[in-house]
Amino acid sequence: MAPGIIDFLKRILTTLTPSMQEKYLPKEIEQAAQQHWEHAAAFRATEDAAKPKYYCLSMFPYPSGKLHMGHVRNYTIGDVLSRYHKMRGFNVLQPMGWDAFGLPAENAAMANGVPPAKWTYDNIAYMKKQLKSLGFAIDWERELATCQPQYYQWNQWLFLRMLEKGIAYLKTGTVNWDPVDQTVLANEQVIDGRGWRTGALVEKREIPMYYLKITDYADELLSALDTLPGWPERVKTMQANWIGKSHGVRFAFPYRLGGKQEKLWVYTTRADTIMGVTFCAVAAEHPLATHAARNNLKLAEFIEECKRGSVMEADMATMEKKGMPTGIFVDHPLTAKKIEVWVGNYVLMGYGEGAVMAVPAHDERDFEFAKKYGLAIKPVISVAGQTYSLDAWQEWYADKAHGVCVNSGKYNDLDYPSAIDAIVADLKAKDLGDQQITYRLRDWGISRQRYWGCPIPIIHCPSCGVVPVPDDQLPVVLPDDCVPDGSGNPLRKRADFLDCACPKCGQAAKRETDTMDTFVDSSWYYARYCSAGNTQAMVDARSDYWMPVDQYIGGIEHAILHLLYSRFWSKVMRDLGLVKYQEPFANLLTQGMVLNEIFFRKPQGGTAGRIVYYNPTEVDLQFDDKGNRCGATLRSDGQPVESGGIGTMSKSKNNGVDPQALVDQYGADTARFFMMFAAPPEQTLEWSDSGVEGSFRFLKRLWAFGHAMHDSVRGAGKVPEKLDGALAALADVRREIHLNLKQANYDIGKHQFNTVASAAMKILNALEKTPRPGDGAAVIAEGLSILLRLLSPITPHICHVLWRELGYGDDLLQAPWPEPLAAALAQDEIELVLQINGKLRGNLRVAADATREAIEAAALASTTVQKHCEGKPTKKVIVVPGRLVNIVV
RNA sequence: GCCGGGGUGAUGAAAUUGGUAACCAUAGCGGACUUAAAAUCCGCCGCCCUUAUAAGGCUUGCCGGUUCGAGUCCGGUCCCCGGCACCA
């Protein structure tokens, strides 16, 4: 046909039906879809008792500057679930806000001389624009930022309630102290034991801090994990281990000091080994250590050494164990034998009693310590078939399940529980100890010696002492124009903040300058979204409607701290009568991290200089003939760079990919599709440029297919009741589509969105192969309507526009979720796998409703079986319905 | 160090949870279209042996076990990742 005639026909067609853009133009499509949702206020959530509610919450972002890939992944997962449930008929709430207080704002302030408030609000404005461009179904009317007084005043208000109830209290705590900058450092700011800015050796320092008694809730926080079937097992296990409930014995070693009778208290879970105690160890800050150091210069020096060094548990656990004897002896509580007290750098004052009993024979750490300092090792547990040797530590030395006491006088031959009972009875009789349940969990210290946080509402009065700020003076507003300079909290220099009148006596007084841990802000924001805008109360009746959160989504790195603090905080709110729910998050999805390859060059010539990291977007990869990677070069100079393997996207390794560049180049739908397709949500996700290209190609193909089918879909009728005879090929395609839909629906239930994306691709593959004329159009129209609905939670923009272009309806969000049809799935014959002795040997076609006996007979009669087990007698035939037949000979 | 998770083709991964290992993609190779390139479309693609195949053998980090049958369960071991209480 001549081109002129084709053009002529095209022009006629376009006048007959609404025209459709031929090329896939994500920018236009996404703008149109987003405008539609905006005008329809499609995501505004209102309380509606008639509908089942679905509160879908993603962990709010820290406004660090721009979105990173982890955010895109997190919020796409939340958006897929939100849109899916909306189409399923749920009343969906998906809010968004900003975890806006924190250290990075102060660092940026120091670097740029800009107040943290301005930096934070600028970042929020930019990141909000980014979130909007990704098309998330968010109710922006509920937006909050934790640095707003109307939010954090309720931190202060609840803190005061906790103070009244004794849940909040004052105690000394240990912090990292930079002696040059004269300031407290965060753990992150301590690098190899030195301050990050000054390079000075960091010291430990004891300062007064406010603590929250999370330990009062330890037992409930532990037992209530069983009421959370929607939480991943691994998170519940981690929380249970973190709380660390243990049944043990608290007992004392009596001693005389300065003419007075005293007791050195310790706690142990291995009281059955008490007869093996050969020394005790106390923390450097323990009163006994301080006493002994008075006339012992070397010990005093050692105690000073212990006070340097790290406060971090990982460092404590891996450092070299050191100790020094105090020369002080205590009495063994059962034998009255003299036991020497040592100072150990591995004993912490803040944990338990600040003192431990040492049983080198049955505790690995004590064993090493005793070997190092030549202390006695006395085995008191024996396990049948094992011989104790002092040469090296053996796993069984610490075995309490199979051992019995030996070398233990009256306790000999007792097993663990009986030994504990007998020993506790004797300790009790002497008033020297009893059984006790303890927790590894420690109270939550919330005081931070930093500016950019929620002020702790306390006033220090020279006459009245510590005075809580009265409710009617809340909020204590943080001045928002300070610029920190690294030399400590700038609030200390702000007279307008600092100076106030004592609420009790009216005298001149000073405000507390410590602010709250940012984990406080994030411990209840989910409840505040439900009561947005209420200036009179922290939460109101709307929170009773929405809470608990039906689906919480966030990084696995928050598995313990944030989630535990949030659970604790909501239990406190419950006990204050503010909320009715027991647990804030009914279901939890912990997404994996986003990773990318790390490229670097070591400094040339010698060790001086830093490693330079190059962004993967600046690196070209080389491949050999077989397609294997054989090198990488920097694009700018063509010289090779080294690969540092795959790691989480981070600023320090310069391996982040800017989501904005991705959205600008390919559109939001491609970014969203790739994020869902590349890995299941709970696993780590590796970045791949070519994977993004592939996602974009798929969406282009989808658009092109929609364009090609435009007229026939608009003109298509219903799929005929029977697709047999000449239409058998159509029946196959239709079955494939419905099978994939069935699988996808199952996978959505498992939150396995990568295979949902894969199912969508398979459906498009099937549709493209469908014979087009006649009844094919009906099958295609049906299949495409399934595909668009199934895919719409992942790539909502392209699906929304195609849905309208192809005349399915005005609003895809209002369409019902697709379900597979039994008629489309039905088939007469099925194929079974044929195994002989568990080895795959062939296939077997049988009727779909064949009985076990019929299948067995057909299998034995098949040529495959005849060939492979000629003559050998059949021992057993295993038939797995719908799957396989295994013949054992 | 302790707690938790992971390891499957060249790569991301799948396997309805003990029943055909590698779906769907990516990369690569070959072809069509094109003056050419891009884009698009079609075909091949775990490894070994081979008489080149519609035969056979091997393969889910490594070693061992349970089972008719193990990527999946059990024991051991190596490596990687997350958390460890002031990064968020």
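Note that this is a predicted model, so its numbers are computed, not measured. Lettering of chains follows the sequences in order, A, B, ..., and the numbering in each one begins at 1.
In terms of position along RNA chain B, the nucleotide closest to A:Ser688 lies nearer the 5' end than the nucleotide closest to the other residue of the pair A:Ser688 and A:Glu768.
Nucleotides B:G76 and B:A85 have their C1' atoms positioned 33 Å apart, rounded to a whole Å. The separation of B:U77 from B:G69, taken at their C1' atoms, amounts to 26 Å, rounded to a whole angstrom. Using P as the reference atom, B:C29 and B:A21 are 31 Å apart when rounded to the nearest Å. Distance check on atom P: B:G5 versus B:U11 gives 26 Å, rounded to whole Å. Spacing between B:U26 and B:G19 at atom C1', rounded to whole Å, works out to 30 Å. B:G18 sits 11 Å from B:G71 when the C1' atoms are compared, rounded to a whole Å. Here, B:G46 and B:U59 have their C1' atoms 8 Å apart, quoted to the whole Å. Rounded to a whole angstrom, the distance from the C1' atom of B:U60 to that of B:U8 is 4 Å.
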Using a 4.0 Å heavy-atom cut-off, write out nucleotides 55-61 of chain B from 5' to 3' as B (base contacted by protein), S (sugar-phosphate only) or - (no contact).
-> -SSS---

Expected string for nucleotides 68-88 of chain B under the B/S/- scheme (protein heavy atoms, under 4.0 Å, primed atoms plus P, OP1, OP2 as sugar-phosphate) is B-------------BSBBBSB

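One atom, CD of A:Glu686, and another, C1' of B:G6, lie 12 Å apart when rounded to the nearest Å. Note: CG (A:Asp363) to P (B:G1) measures 16 Å, nearest angstrom. Between the CG atom of A:Asn843 and the P atom of B:A54 there is a distance of 15 Å, rounded to whole Å. Rounded to whole Å, atom P of B:C23 lies 14 Å from atom CE of A:Met761. Nucleotide B:U17 holds its P atom 12 Å from the CG atom of A:Asp747, rounded to whole Å. A straight line from CG of A:Leu844 to P of B:U20 spans 16 Å, rounded to a whole angstrom. Rounded to an integer number of Å, the gap from NZ of A:Lys236 to P of B:G5 is 13 Å. Distance CE (A:Met676) to P (B:G12): 18 Å, rounded to an integer number of Å.
The shortest non-hydrogen separation linking A:Thr515 to A:Tyr451 is CG2-O, 3.6 Å.
Looking at A:Glu106, its side chain does come within 3.5 Å of a backbone N or O of A:Trp452 through a donor-acceptor pair.
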Side chain to side chain contact (heavy atoms under 4.5 Å, CB included) assessment of A:Ser522 paired with A:Phe60 | CA-CA 8 Å; A:Ser522 56; A:Phe60 62 169; 3.6 Å; yes

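Within 4.0 Å of A:Glu233, counting heavy atoms only, lies no atom of the nucleic acid at all.
Against the 90° criterion about 0, the sugar-base torsion of B:U8 places it in the anti range. Glycosidic conformation, B:G30: anti, with the torsion outside 90° of 0.
Not one side-chain nitrogen or oxygen of A:Asn754 sits closer than 4.0 Å to the OP1 or OP2 atom of B:G12. Phosphate contact (OP1/OP2 of B:G18, side-chain N/O of A:Arg883, threshold under 4.0 Å): absent. Between A:Asn241 and B:G4, a side-chain N or O to OP1/OP2 separation shorter than 4.0 Å is present. For B:U40, the OP1/OP2 oxygens have a side-chain nitrogen or oxygen of A:Lys700 closer than 4.0 Å.
Every residue two or more places apart in sequence or in another chain that forms a side-chain contact (heavy atoms from CB on, under 4.5 Å) with A:Pro63 is listed here: A:Trp98, A:Ala100, A:Thr120, A:Asn123, A:Ile124, A:Met127. With sequence neighbours left out, the side chain to side chain donor-acceptor pair (under 3.5 Å) criterion links A:Asp315 to A:Ser310. Shown here are the ring pair (Phe, Tyr, Trp, His ring centres under 6.0 Å) partners of A:His707, two or more places apart in sequence or in another chain: there are none. A:Trp444 is linked by a ring pair (Phe, Tyr, Trp, His ring centres under 6.0 Å) to A:Tyr565, counting only residues two or more places apart in sequence or in another chain. A:Ala708 meets the side-chain contact (heavy atoms from CB on, under 4.5 Å) test with no other residue; sequence neighbours excluded. For the ring pair (Phe, Tyr, Trp, His ring centres under 6.0 Å) test, residues two or more places apart in sequence or in another chain that qualify with A:Tyr526 are A:Phe585.
Taken together, the paired segments of RNA chain B that extend over three or more consecutive Watson-Crick or G-U pairs, each closer than 3.5 Å at both contacts, are B:1-7 with B:78-84, B:10-12 with B:24-26, B:28-32 with B:40-44, B:46-48 with B:56-58, B:61-65 with B:73-77.
With 3.5 Å as the limit, one finds a donor-acceptor pair spanning the side chains of A:Ser246 and A:Thr438. With 3.5 Å as the limit, one finds no donor-acceptor pair spanning the side chains of A:Asp178 and A:Thr183.
Listed nucleotides B:G12, B:G4, B:G1 differ in distance to A:Ala678; the shortest reach to its side chain belongs to B:G12. Residue A:Tyr746 places its side chain closer to B:U16 than to any other of B:U26, B:C24, B:U16.
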Could you go through residues 834-841 of chain A and list every donor-acceptor pair under 3.5 Å that involves a side-chain atom there, pairing it with any protein atom two or more places apart or in another chain?
unit_1	atom_1	unit_2	atom_2	d
A:Asn837	OD1	A:Val889	N	3.0

Atom pairs and distances, donor-acceptor, side-chain atoms in residues 187-194 of chain A, under 3.5 Å, two or more places apart:
unit_1	atom_1	unit_2	atom_2	d
A:Asn187	OD1	A:Asn176	ND2	3.0
A:Gln189	OE1	A:Ala186	N	2.8
A:Arg194	NH1	A:Gly199	O	2.9

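Applying the salt bridge (charged side-chain N to carboxylate O under 4.0 Å, His left out) definition to pairs two or more places apart or across chains, those involving residues 752-768 of chain A are A:Arg701-A:Glu768.
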